[in-house]
Amino acid sequence: MTETSAITPAAPSHDSRPTRVRIAPSPTGDPHVGTAYIGLLNYLFATQRGGQFVLRIEDTDRTRFVSTSEQMIFDALKWVGLTWQEGPDVGGPYGPYRQSERTEIYREHVEILLANGTAYKSFETAEELEAMRQSQIAAKMPPRYNGAHRELTAEQIAAFEAEGRQYTVRLKVPATGSTTFRDELRGEITFDHNNVDDQVLMKSDGFPTYHLANVVDDHLMQITDVIRAEEWISSTPKHVLLYNAFGWELPKFWHMPLLRNIDKSKISKRKNPVSLNYYRESGYLPQAMLNFLGLMGGGMAQPTEQEIVSKGLNTKEGDIFSLAEMIEKYDFARISLGGPVFDLVKLKWLNGEYIRKQSPDEFFATLRSTLFSDAYLRAVGSLIQTRIENIGQFGDMTGFLFSDNVMPPDIVWIPKKREPADTIKFAEEQLTTLEAAAWDLDSITAALKALGEAKEWSVKENFMLLRAILTGSTTSPPLVESLIVFGKARTLDRMRRFIAFQKLPKRS
RNA sequence: GUCCCCGUCGUCCAGUGGUCAGGACAUCGCCCUUUCACGGCGGUAACACGGGUUCGAAUCCCGUCGGGGACGCCA
C-alpha cells in the first residue's frame, strides 16, 4: 500500500449496466445556473441512452445549509424543463436521496476504511490546522496536512480518545507513486501522490465530506457516469483512491468545462447573475435558458453550409434548438474544452427570438404568468392603493417594478453629507447584508438597521440610498415591502449593477 | 508557491493535413420606417508565439507565453 501506483484500468466496461447519472447540488442558497447546465448535460446523457437521471441533495455542510434552498432547486430545475427519475421528492429504489439522511451509511463505510488501513483518525483541532496552513502559505509552500497522525499507535489513539478529543477521519494517500485515471473528454490524467493531500473524509461532527459521501453514494446508487464540472478534476484522484480502497469498480468521469464570467474567471455572483430565480423573475423564458446552456460547450452540431442551403435555413437557426432536438443531436464527443463565457448579451438576443416567435396568445399568456400574474399584481397593488388618486397613476409609482434598468442620478443617491466613494462602499455592505438575509419584512429591516448602526449611517441615509438604488428616485412605496415584492434575486442584481456602474471610470 | 486543465474573430461555436479560415451574438454602415424595435443588405474582426514533422499545417509533436481550476473539518 505504501509503494505504489494505482493505475486505473483504461476504460472499465459498464456496457452491460444501464446508464445512470446524477446531479448533486447542495442546498446552500439560490439555485445556480451551473446546476442547470450540468443538470441539462446529465439529463441529455441519460435520456439519449435510455438511462436514469438521479437528483441527489448534498446537504452535509450544516453551516451553509439554507432551508428554503432545496425546494428552490426542485422548482428551478422543473422550470427549465428538466425531470429526474429518482430524487428526494420522487423517491426511488436507492434512497434516501438526501445525504443528511444517510449518515449511518457513511459511518459504516468509514469503519471499513479504518479497518483496512486506508484511512486514519486525526486529532488536530481546526485551529491547529488553520495555523499550519497559514504558515505553509506564508512560506510559499503548498498547503498540505503534515501527516502527524498518520501512524499513531493504538495506544496513542486510545489516549487521545480518553481525553475526549474529537477527531476527523482522513484518507491515507500512499506516500509514493501516483494515480492515473481516465477523463472521457481529455484522456488519461496523472497525479503524483505527493500532490494529493490526506483528505478529511469524516468531519468531527460525524458528517462526511463531499469526497466520501459522493463516492459511497455514487457506488451505492449504481452511477455509471459521473458528469460534473471541471473544478473536480484535481480531487478525482482522491475519489479513485477511495473506490480502490473499497474495492469498487470506477464510474466513467466526464469533466465539463466551467461556465465563465466575461473576464474568464469561474462564473460567480459578483460578476454575473447566477441565480436561476433571477432569470425566471426577470422574464427569461425557460426554453431560451435551456437553449443557451446547450450552446455552451459546443455539443450541438452546427448545420453545415450544405444543409443551410438545401434546407433553406436562416443561418441563425443553427443556434436555436429545443430540448427535443438536443436529445436527438447533442454529441458529447463534440464538446470543446475551453471554458465558455456565459454571455448575457447573447442570452438576451436568444430570449428575444423566443419571445418574437410566440403567437399573440402565447405572449399574452407569458405576460399573465409572469409580470402581470394575479399574484404579482395583487402584491404590487397593496403597495400603492392608498397612495394614488386615480388608476392612471399606477405606473408613476410602480415603474421601477416593471423596468429592467433603473439608474439613479448622482443627486438622488449620494447623501448630502457623504462622499460618493463612501456611499458606494456602504452600498456594497448593504448588498452583502441583504445577500445573507431571509427575505421577509422583519429579517430585512433588522439586518439593515444593524448594518446602519455598525457603520454609523442614519436610518434615513441608509434607507434612502437603498431606495435610490432600487427605484431610481427619492419617492417610492415603502422600501422593505417593495424589496419583497420585487424579489431577492432581482433586488440583489439591481444592487450589483448599480455598484458596478458607479465604479466604472467616469468620463467627464 | 505546487499540481492539473485549456488556448480559432470582443463573445459562443464550425473546421480533425490542402478552405479566399465559415456561421451566430455584439459592433459599424446602408435600406425599410412617423419613432423604437423587428427585418433585409454589406463591412470590420481570429488560428497566442517559436521550433519541428510534412510537398503542404489552425489541424500532428515539443517548448514558451497566456488564461483558468484545485490546493478547506465547502461543495
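Residue numbers start from 1 in every chain, and the chains themselves are labelled A, B, ... in the order their sequence lines are given, proteins ahead of strands.
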Against the side chain of A/K203, the closest entry in B/rC3, B/rG39, B/rC73 is B/rC73
Side-chain contact check for A/D343: nearest option of B/rA75, B/rU11, B/rU2 is B/rU11
Whole-Å distance, A/D197 CG to B/rG1 P, equals 20 Å
**Asked** For the residue pair A/W349 and A/Y354, is the inter-centroid distance of their aromatic rings smaller than 6.0 Å?
**Response** no
Fill in: Integer angstrom distance from the C1' of B/rC20 to that of B/rC25
24 Å
Rounded to whole Å, CZ of A/R98 lies from P of B/rA75 at a distance of 17 Å
Next on the checklist: Need one value for A/I320: base, sugar-phosphate or nothing, where a base atom within 4.0 Å counts as base even if backbone is also close, heavy atoms only.
Outcome noted: nothing
*Ignoring hydrogens and angles, are the base of B/rC73 and the side chain of A/S204 linked by a donor-acceptor pair under 3.5 Å?*
yes
Review point. Which whole number of Å gives the distance between the P atom of B/rA45 and that of B/rC36?
Key: 29 Å
Q: Record whether the side chain of A/K346 comes under 3.5 Å of the base of B/rA26 through a donor-acceptor pair of N or O atoms.
A: no
For B/rA24, the nucleotide meeting Watson-Crick or G-U wobble distances (both under 3.5 Å) is B/rU11
Taken to the nearest whole Å, NZ/A/K266 to P/B/rC74 is 16 Å
Quick note, A/H211 side chain, CB onward, closest among B/rA75, B/rC73, B/rC12 is B/rA75
Regarding A/R334, tell me which of base, sugar-phosphate or nothing describes its non-hydrogen contacts under 4.0 Å with the strands shown. sugar-phosphate
What about the rings of A/F246 and A/H109, do their centers lie closer together than 6.0 Å?
yes
Roughly how many Å apart are B/rU59 and B/rA37, using the C1' atom of each and rounding to a whole number? 42 Å
Using a 4.0 Å heavy-atom cut-off, does A/G352 contact any base of the nucleic acid, only the sugar-phosphate backbone, or nothing at all? nothing
Q.
Heavy atoms only, 4.0 Å cut-off, all strands: where does A/P340 land among base, sugar-phosphate and nothing?
A. sugar-phosphate
Whole-Å distance, A/M256 CE to B/rC5 P, equals 17 Å
Of the candidates B/rG39, B/rC73, B/rC6, the side chain of A/R186 sits closest to B/rC6
A/L259 CG to B/rG69 P, in whole Å, measures 13 Å
Looking at A/L323, is its backbone amide N or carbonyl O close enough to the side chain of A/N291 to form a donor-acceptor pair, meaning the two atoms are under 3.5 Å apart? no
Atom CG of A/D319 and atom P of B/rA24 are separated, to the nearest Å, by 9 Å
Here the distance between atom C1' of B/rC12 and atom CG of A/L258, to the nearest Å, is 16 Å
Closest to the side chain of A/W349, out of B/rC25, B/rA75, B/rG68, is B/rC25
- Task: Output, in order, the C-alpha distance, side-chain angles, deciding distance and verdict of side-chain hydrogen bond (donor to acceptor under 3.5 Å, both in side chains) for A/Y145 and A/E124.
- Result: CA-CA 10 Å; A/Y145 177 59; A/E124 291 90 349; 2.7 Å; yes
_I'd like to know if A/E151 and A/K172 make a salt bridge, using a cut-off of under 4.0 Å between side-chain N and carboxylate O._
yes
(message) Please check: side-chain N/O of A/E128 versus main-chain N/O of A/T125, any donor-acceptor pairing under 3.5 Å?
(response) yes
From the candidates B/rG1, B/rA75, B/rG69, the one with an atom nearest any side-chain atom of A/S26 is B/rA75
Against the side chain of A/A126, the closest entry in B/rC6, B/rC73, B/rC12 is B/rC73
Taken to the nearest 0.5 Å, the spacing of A/Y43 OH from A/F53 CZ works out to 9.0 Å
Of the listed B/rG39, B/rU11, B/rC12, the closest approach to the A/E353 side chain comes from B/rG39
- Message: Please classify the nucleic acid contact of A/T60 as base, sugar-phosphate, or nothing, using heavy-atom distances under 4.0 Å.
- Response: sugar-phosphate
Atom CG of A/L344 and atom P of B/rC12 are separated, to the nearest Å, by 14 Å
From the candidates B/rC71, B/rC5, B/rU11, the one with an atom nearest any side-chain atom of A/I233 is B/rC5
